Asker: 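Before anything else, here's the structure in question.
Keep in mind that what you see is a predicted model, and the values were worked out from it rather than measured. Residue numbering restarts at 1 for every chain, and letters A, B, ... go by the order of the sequence lines.
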Number of protein chains: 2
Amino acid sequence: MTDPDGTPKATATPPPPSESGDVENQTPPAVEGGPGVVSNIMRRWKREDLRKKGSLALRGVGLLCSLLAFIIMASNKHGDGRNFDQYEEYRYVLAIAILSTLYTGLQVFRHVHELSTGREVFSSRRNSALLDFFGDQVIAYLLISAASAAVPLTNSLREGADNIFTDSSASAISMEFLAFFSLAVSALISGYKLANETYI
Amino acid sequence: MTDPDGTPKATATPPPPSESGDVENQTPPAVEGGPGVVSNIMRRWKREDLRKKGSLALRGVGLLCSLLAFIIMASNKHGDGRNFDQYEEYRYVLAIAILSTLYTGLQVFRHVHELSTGREVFSSRRNSALLDFFGDQVIAYLLISAASAAVPLTNSLREGADNIFTDSSASAISMEFLAFFSLAVSALISGYKLANETYI
């Protein structure tokens with residue numbers, strides 16, 4: 001009787017260690033579950049951060065290219081029928097380059113400010129996303145329009161003579177095309193952000 | 001003691017009717033909740049349907065305008081230095097009008113087919129949304145590029161003489177601008193759909 005009592009006790013004692021072992025086995029998933037959720041949020045934050053930095057970099061490239069197009073076209077005066085302001089296409093290129101420089105400059109300033117202080121300039125995130133998207137998209141359309149309008153003139157001028165005036169015009173147009181590409185991708189990213197924020 | 005016992009009973013008896021009243025009061029919200037969910041789904045379906053029909057209408061307008069631009073520019077031959085194929089800008093306009101006609105025609109055909117049969121042409125909804133968005137966006141960029149490129153030439157030709165050749169060119173260019181607007185809005189809608197579908 002003492003032996004059976006001893007054996008039940010012996011069999012009764014194993015469960016507690018096994019249960020404690022289960023508890024020990026359960027605690028790691030519980031601890032893992034915590035970091036799992038946290039790491040999900042962290043991943044989302046990182047993605048959000050990457051998106052912000054990527055869109056800042058794209059606007060930076062856009063600013064650089066627009067500024068170059070602006071400077072090259074504005075200094076494109078070589079006298080004697082070789083001034084940019086005698087051709088309306090080149091005036092259009094210059095006007096859009098100035099507009100794009102102002103827009104991308106303000107956007108880069110705003111995003112750098114937001115990244116450094118962590119505060120939003122606009123109170124409504126949705127308005128800010130709307131502004132980003134429509135601004136990028138409209139400036140991208142204007143940039144490709146201006147660059148396209150100036151290409152045929154440059155081609156026909158180059159048939160006559162290939163000089164520093166046509167070369168400068170061609171480089172300003174190329175810069176506008178590059179600015180267009182970066183703003184088109186930036187519009188893509190901010191459109192994605194806009195569409196996802198309206199339902200969050 | 002009986003009064004206090006009676007009053008608790010009296011206060012205890014009211015709850016069952018009030019509970020049954022609550023149940024009766026709760027059932028209407030439950031019944032309302034059912035149609036509420038259903039009406040939400042219905043509203044979502046209706047919105048989805050409206051989006052599909054709106055995007056079909058926009059592509060239809062795009063198809064009409066591209067087709068008009070194509071026909072007007074292709075028939076723009078009046079001999080003696082007034083043929084469209086003597087100017088590369090007009091050849092560009094014609095090429096993009098053909099491309100846009102083909103693209104919007106195929107898209108309209110596909111969407112009409114999907115709306116009438118209810119089956120998707122592409123197995124993956126995401127691929128179909130990607131194709132819609134990138135197709136619309138690229139064609140919109142090409143259309144504004146071609147229209148912008150041809151505007152300065154038409155302006156300078158009109159300074160010399162304002163005849164049927166320049167008028168036809170101007171109307172083809174206007175049609176391309178209209179096609180651009182409808183495809184730009186269509187790209188907006190399909191971009192919205194794409195961004196929301198990646199998370200559903």
Asker: Heavy-atom distance under 4.5 Å to chain A: side chain of B/Ala147, backbone, both or neither?
Answerer: neither

Asker: Taking C-beta and beyond as the side chain, do B/Val93 and B/Phe84 meet within less than 4.5 Å on heavy atoms?
Answerer: no

Asker: Checking A/Tyr92 against chain B: side chain, backbone, both or neither under 4.5 Å from a heavy atom?
Answerer: neither

Asker: Contact part of B/Phe180 toward chain A, heavy-atom cut-off under 4.5 Å: side chain, backbone, both or neither?
Answerer: side chain

Asker: Could you give me the CA-CA distance, side-chain angles and deciding distance for A/Ser148 and B/Ser148, then say whether side chain to side chain donor-acceptor pair (under 3.5 Å) is met?
Answerer: CA-CA 6 Å; A/Ser148 303; B/Ser148 303; 5.6 Å; no

Asker: Is it the side chain or the backbone of B/Phe133 that comes within 4.5 Å of chain A heavy atoms, both, or neither?
Answerer: side chain

Asker: Please determine, by modelled atom types, if B/Asn40 and B/Arg43 share a side-chain donor-acceptor pair under 3.5 angstrom.
Answerer: yes

Asker: Go through the side-chain N and O atoms of B/Ser55 and B/Arg59 and say whether any donor and acceptor fall under 3.5 Å apart.
Answerer: yes

Asker: Output yes when a side-chain donor or acceptor of B/Tyr103 lies under 3.5 Å from a complementary backbone atom of B/Asp136, and no otherwise.
Answerer: yes

Asker: Let me know if A/Leu153 has heavy atoms under 4.5 Å from chain B in its side chain, its backbone, both or neither.
Answerer: neither

